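Below is one structure, written out as structure tokens, with a few remarks after it.
Values reported hereafter were calculated over all heavy atoms of this structure, with side chains retained and with hydrogens, waters and symmetry mates removed. These numbers were taken from a predicted model, which means no experiment stands behind them.
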Amino acid sequence: MTQAVVQSLKHRLEKYGQDHVIRFLGDCSADERSLFLQQLAALNFDELARAWQQSRTASDDAQDSPATIAQRAQPPGTLVRLPQSDADLQTWDAACEEGKKILDRGEVGVILVAGGQGTRLQFHKPKGMYPIGPVSNATLFQILAEQVLARSRSHGVTIPYYIMTSDATHAETVAFFEENNNFGLPSDAVRFFQQGTMPALDAATGKLLLADKNQLATSPDGHGGMIRALKETGMLADMQRRGLKYIYYHQVDNPMAIVCDPAFLGFHQQRGSEL
């Protein structure tokens, strides 16, 4: 990195009030300094500022009165309630039939969000490896993956399973699926991709935080970063290649999820839902 580029980066840091992060540069070796400056140069400071401001706005909104929050949370007119009458059951049956047709055409893929560890369960491995079956001792991964397998078989198609991991869970998750033969799913139907990370900011000031003298503190960018991760890892291109039109999304710590629920898919299509 040339001196001119370094000087330009320093000016950017000063402009955004983030120049505190380079105060230890003099204590770093040449290689450490180079890598750190490259990490800083890759930052989008405008995006970070917007993210921090949005978090502040969300925090302010949380202070609203319960009545204001309740009014803002009113569901849209497209709300689908559980069936209460014969007419409701007919509506659900129609949605279910529509969903089955979508599955029959092989237009559905599944995303599993599995970036978290089971720390709160005192289980220091990927959360999906937690054995939750009271008799079978089946793990969360097994319970969910076998649903995808069963749904694939019942509709005579291969439903691809896109599993989003994190730095903390990726290697163990991939190894666990390989050790268990993907729980019966074809190997080309199971695709792993990692969620991104973003620099950690001080909640009160928006200042970048350091993990070390020559390293920014980072954290997973959350569910909001999933679309970017899908694009950057080639998963969106894979979905297009397979001709997928619907993506069922669920989280690893929800063993009650009905994966690729035909009624859910049918209502989604009938109501013209964007998400």
Query raised in the report: Any side-chain hydrogen bond (donor to acceptor under 3.5 Å, both in side chains) pairs touching residues 88-103, not counting sequence neighbours?
Result: Ser85-Asp88
Given side chains that start at C-beta, do those of [X] and [Y] come closer than 4.5 Å, heavy atoms only?
{"X": "Ile163", "Y": "His170", "result": "no"}
{"X": "Met198", "Y": "Leu48", "result": "yes"}
{"X": "Leu13", "Y": "Leu40", "result": "yes"}
{"X": "Tyr162", "Y": "Met239", "result": "yes"}
{"X": "Thr158", "Y": "Ser152", "result": "no"}
{"X": "Val110", "Y": "His250", "result": "yes"}
{"X": "Asp261", "Y": "Phe267", "result": "no"}

Query raised in the report: So, Tyr16 and Asp46: side-chain donor and acceptor under 3.5 Å apart, yes or no?
Result: yes
Query raised in the report: Looking only at side chains, do Gln142 and Asn180 share a donor and an acceptor under 3.5 Å apart?
Result: no
Return yes when atom [atom1] of [X] has more than 12 non-hydrogen atoms of other residues, nucleotides or ligands closer than 6.0 Å, and no otherwise.
{"X": "Phe264", "atom1": "CZ", "answer": "no"}
{"X": "Lys125", "atom1": "NZ", "answer": "no"}
{"X": "Asp86", "atom1": "CG", "answer": "no"}
{"X": "Arg153", "atom1": "CZ", "answer": "no"}

Requested in this report: List for me each residue that meets ring-ring contact (aromatic ring centres under 6.0 Å, His included) alongside Phe177, sequence neighbours excluded, and say none if there are none.
Outcome: Phe141, Phe183, Phe192
Flag, side chain of [X] to backbone of [Y], donor-acceptor distance under 3.5 Å:
{"X": "Glu146", "Y": "Gly184", "result": "no"}
{"X": "Asp202", "Y": "Ala204", "result": "yes"}
{"X": "Trp52", "Y": "Ala203", "result": "yes"}
{"X": "Ser166", "Y": "Gly115", "result": "yes"}
{"X": "Arg23", "Y": "His20", "result": "yes"}
{"X": "Ser34", "Y": "Ala30", "result": "no"}
{"X": "Ser136", "Y": "Gly133", "result": "no"}
{"X": "Gln195", "Y": "Met226", "result": "no"}
{"X": "Tyr248", "Y": "Ile258", "result": "yes"}
{"X": "Thr173", "Y": "Thr169", "result": "yes"}

Within this structure, what is the [atom1]-[atom2] distance for the pair [X] and [Y], rounded to the nearest 0.5 Å?
{"X": "Leu230", "Y": "Met235", "atom1": "CG", "atom2": "CE", "value": "8.0 Å"}
{"X": "Glu107", "Y": "Ile102", "atom1": "CD", "atom2": "CD1", "value": "7.0 Å"}
{"X": "Met256", "Y": "Ile143", "atom1": "CE", "atom2": "CD1", "value": "10.0 Å"}
{"X": "Tyr246", "Y": "Gln269", "atom1": "OH", "atom2": "CD", "value": "4.5 Å"}
{"X": "Leu25", "Y": "Leu37", "atom1": "CG", "atom2": "CG", "value": "5.5 Å"}
{"X": "Lys213", "Y": "Phe36", "atom1": "NZ", "atom2": "CZ", "value": "12.5 Å"}

Query - Under the salt bridge (charged side-chain N to carboxylate O under 4.0 Å, His left out) test, residues paired with Arg191 that sit two or more places apart - result: Asp238
Query raised in the report: In terms of hydrophobic clustering (I, L, V, M, F, W, Y; side-chain heavy atoms under 4.5 Å; direct or indirect links), are Leu216 and Leu35 co-clustered?
Result: no
Query raised in the report: Linking I/L/V/M/F/W/Y whenever their side-chain heavy atoms sit closer than 4.5 Å, directly or via other members, would Leu209 and Phe24 fall into one cluster?
Result: no
Which atom pair, heavy atoms only, marks the closest approach of [X] to [Y]?
{"X": "Arg271", "Y": "Val80", "result": "NH1-CG2, 3.7 Å"}
{"X": "Val108", "Y": "Cys260", "result": "CG1-SG, 3.8 Å"}
{"X": "Pro262", "Y": "Cys96", "result": "CB-O, 3.6 Å"}
{"X": "Tyr161", "Y": "Leu144", "result": "OH-CB, 3.5 Å"}
{"X": "Leu140", "Y": "Asp253", "result": "CD1-CA, 4.4 Å"}
{"X": "Arg12", "Y": "Leu43", "result": "NH2-O, 3.1 Å"}

Query raised in the report: Between Ile22 and Glu14, is a side chain to side chain contact (heavy atoms under 4.5 Å, CB included) present by the stated rule, with each step listed?
Result: CA-CA 10 Å; Ile22 57 173; Glu14 291 170 359; over 6 Å; no
Requested in this report: For Val252 and Val113, run side chain to side chain contact (heavy atoms under 4.5 Å, CB included): C-alpha distance rounded to whole Å, both residues' side-chain angles, the deciding distance at 0.1 Å, then the answer.
Outcome: CA-CA 6 Å; Val252 74; Val113 180; over 6 Å; no
Requested in this report: Just do the salt bridge (charged side-chain N to carboxylate O under 4.0 Å, His left out) check on Arg228 and Glu47 with the steps written out, would you?
Outcome: CA-CA 14 Å; Arg228 178 186 299 170; Glu47 185 177 284; 3.3 Å; yes
Report task. I would like to know whether Leu201 and Lys207 meet side chain to side chain contact (heavy atoms under 4.5 Å, CB included); could you show each step before the answer? Result -> CA-CA 5 Å; Leu201 302 176; Lys207 298 283 189 181; over 6 Å; no
Query - Residue pair Ile111, Gln251: steps toward the side chain to side chain contact (heavy atoms under 4.5 Å, CB included) verdict - result: CA-CA 8 Å; Ile111 288 178; Gln251 302 190 51; over 6 Å; no
